[in-house]
Amino acid sequence: MKKIVIIALGLVMGTTTFAQEIETTVSADVVSNYIWRGLDLGDVSLQPTLGIGYEGLSLTAWGNVGISNPNDTKELDLTLGYTIGGFNIGITDYWTNDGGDPEARYFKYDAHGTNHVFEANIGYDFGVASVQWFTNFAGNDGVNKDGKRAYSSYMEVNVPFKLSAIDWTATAGAVPYATDFYGTSGFAVTNLSLRASKDIKVTDSFSIPIFGQFVGNPCSQKAYLVFGLTLQP
């Protein structure tokens with residue numbers, strides 16, 4: 001009986017320790033425009049996030065729904081990622097209500113009739129800068145000039161810095177080859193942005209992160225100024 005009690009206590013303590021080490025993320029962004037990799041995907045939007053992480057492994061759900069325009073893109077993304085040191089890899093399942101399935105069914109995964117796009121990413125954070133590469137490998141991907149699956153890709157460099165007690169990030173992103181997924185006919189720079197973020201203190205124990213971001217897309221010849229704030233426990 002003593003052995004059973006000891007084993008039970010050990011399991012309880014181990015489970016408690018494991019639970020304490022799990023990181024949970026619950027938040028929601030409110031943005032004036034939904035701009036993704038230099039592409040305009042909507043007006044004022046609500047973007048909730050729910051995620052868990054343990055020892056570098058993470059599973060995150062992210063969504064988007066239009067506030068000012070209910071006809072804007074509705075989106076639900078699931079990302080499984082792993083980070084060790086500065087190195088990271090991941091797979092994302094993007095789903096939107098626009099795509100190969102006109103009925104926008106979430107659980108439809110037909111090869112040529114789904115609204116899901118599956119993307120793999122790999123990157124490294126050097127501290128002074130980070131680099132990322134993303135490639136679509138399945139689902140409702142775009143096509144190239146020959147009408148074949150493009151395996152649409154996007155690469156990005158981010159440089160964080162601090163100026164006047166504000167956190168800044170400079171970003172340069174490009175599409176390496178032709179794909180109608182990003183609206184490019186070859187190599188094209190689609191995202192040049194500068195983002196500033198700061199926590200606004202409301203009380204001694206509560207603050208609201210806000211950000212402003214200028215985004216330019218040399219490929220489409222468009223530019224955007226975005227404001228956003230994050231709500232979190």
Side-chain angles (χ1 to χ4, degrees), residues 29 31-43 45 47 49 58 60 62-64 72-73 75 77-83 86-96 98-99 117-145 149-163 166-197 211-228 230:
D29 290 342
V31 295
S32 59
N33 288 91
Y34 177 19
I35 308 298
W36 180 73
R37 299 178 183 176
L39 303 179
D40 184 358
L41 300 186
D43 297 327
S45 299
Q47 300 174 339
T49 298
S58 63
T60 304
W62 182 93
N64 180 84
D72 278 345
T73 300
E75 184 172 345
D77 307 337
L78 299 176
T79 299
L80 179 65
Y82 180 70
T83 300
F87 176 76
N88 69 85
I89 56 174
I91 293 177
T92 298
D93 170 10
Y94 296 94
W95 176 89
T96 69
D98 296 319
V117 177
F118 297 91
E119 176 190 79
N121 70 277
I122 185 170
Y124 197 90
D125 188 347
F126 297 92
V128 294
S130 63
V131 294
Q132 290 285 146
W133 180 281
F134 306 86
T135 295
N136 295 343
F137 63 87
N140 188 38
D141 187 19
V143 296
N144 57 24
K145 294 178 180 179
R149 177 182 289 275
Y151 294 98
S152 307
S153 297
Y154 173 80
M155 51 188 178
E156 187 174 273
V157 177
N158 292 282
V159 179
F161 60 97
K162 205 171 189 69
L163 182 65
I166 294 177
D167 295 318
W168 297 76
T169 303
T171 299
V175 177
Y177 39 77
T179 170
D180 63 0
F181 187 84
Y182 290 103
T184 61
S185 57
F187 177 87
V189 177
T190 61
N191 183 18
L192 295 176
S193 72
L194 186 62
R195 171 174 170 145
S197 58
F211 71 87
Q213 184 176 21
F214 172 82
V215 182
N217 185 333
C219 179
S220 66
Q221 296 292 296
K222 294 183 179 180
Y224 313 92
L225 188 60
V226 181
F227 172 80
T230 301

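Here the structure is a predicted model, which is why all the values come from computation and not from measurement.
Partners of Phe211 by ring pair (Phe, Tyr, Trp, His ring centres under 6.0 Å), not counting sequence neighbours: none found. When the side-chain contact (heavy atoms from CB on, under 4.5 Å) test is applied to Ser58, no partner is found at least two apart in sequence or on another chain. Residues passing the side-chain contact (heavy atoms from CB on, under 4.5 Å) test with Val157 are Val131, Val159, sequence neighbours excluded. Applying the salt bridge (charged side-chain N to carboxylate O under 4.0 Å, His left out) rule to Arg195 yields no partners; only residues at least two apart in sequence or on another chain are considered. For Trp168, the side chain to side chain donor-acceptor pair (under 3.5 Å) criterion is met by no residue, not counting sequence neighbours. With sequence neighbours excluded, the residues forming a side-chain contact (heavy atoms from CB on, under 4.5 Å) with Ser220 are Asn217, Lys222, listed by chain and number. With sequence neighbours excluded, the residues forming a salt bridge (charged side-chain N to carboxylate O under 4.0 Å, His left out) with Asp167 are Lys162, listed by chain and number. Annotation: side chain to side chain donor-acceptor pair (under 3.5 Å) contacts of Asp93 (sequence neighbours excluded): His116. Residues that satisfy the salt bridge (charged side-chain N to carboxylate O under 4.0 Å, His left out) test with Glu75, not counting sequence neighbours, are absent from this structure. Partners of Thr171 under the side chain to side chain donor-acceptor pair (under 3.5 Å) rule, at least two apart in sequence or in another chain, are Asn158. Residues passing the side-chain contact (heavy atoms from CB on, under 4.5 Å) test with Phe87 are Ile84, Ile89, Ile122, Tyr124, sequence neighbours excluded. Applying the ring pair (Phe, Tyr, Trp, His ring centres under 6.0 Å) criterion to Tyr82, with sequence neighbours excluded, gives no partner residue.
Considering all non-hydrogen atoms of both residues, Pro218 and Val189 come closest at CD-O, 3.4 Å. Of all heavy-atom pairs spanning Gly127 and Pro160, the tightest one is O-CG, 3.9 Å. The two residues Asn33 and Val226 come nearest to each other via the heavy atoms O-CG1, 3.7 Å. Heavy-atom minimum distance, Ser185 versus Lys145: O-CE, 2.7 Å. In terms of heavy atoms, Tyr177 sits closest to Ala150 at CE1-O, 3.3 Å. Taking all atoms of both residues into account, the shortest heavy-atom contact from Thr184 to Thr190 is CG2-CG2, 4.1 Å.
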Quick one: do Ile35 and Asp40 satisfy side chain to side chain contact (heavy atoms under 4.5 Å, CB included)? Show the steps, please. CA-CA 5 Å; Ile35 308 298; Asp40 184 358; 3.9 Å; yes
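For the pairing with Tyr154, the side-chain hydrogen bond (donor to acceptor under 3.5 Å, both in side chains) check across Thr135, Asn136, Asn191 returns one residue only, Asn191. Screening Asn64, Asp29, Thr73 for a side chain to side chain contact (heavy atoms under 4.5 Å, CB included) involving Ser45 leaves a single residue, Asn64.
Rounded to the nearest 0.5 Å, atoms CG (Asn140) and OG1 (Thr96) are 7.5 Å apart. Rounding to the nearest 0.5 angstrom, the gap separating the CG atom in Asp141 from the CZ atom in Phe118 is 12.0 Å.
Contact of the Leu78 side chain with the Thr60 side chain is not registered, since no non-hydrogen atoms from C-beta on lie closer than 4.5 Å. Counting heavy atoms from C-beta outward, Tyr34 and Asp72 have side chains that stay 4.5 Å or more apart. Between Phe134 and Thr92, the closest side-chain pair of non-hydrogen atoms is not below 4.5 Å. Residues Val117 and Phe181 form a side-chain contact, since some pair of their non-hydrogen atoms from C-beta on lies under 4.5 Å apart.
Between the side chain of Ser153 and the main chain of Tyr151, a donor-acceptor pair closer than 3.5 Å is present. The main-chain N or O of Met155 is never found under 3.5 Å from a side-chain atom of Arg37 such that the two would form a donor-acceptor pair.
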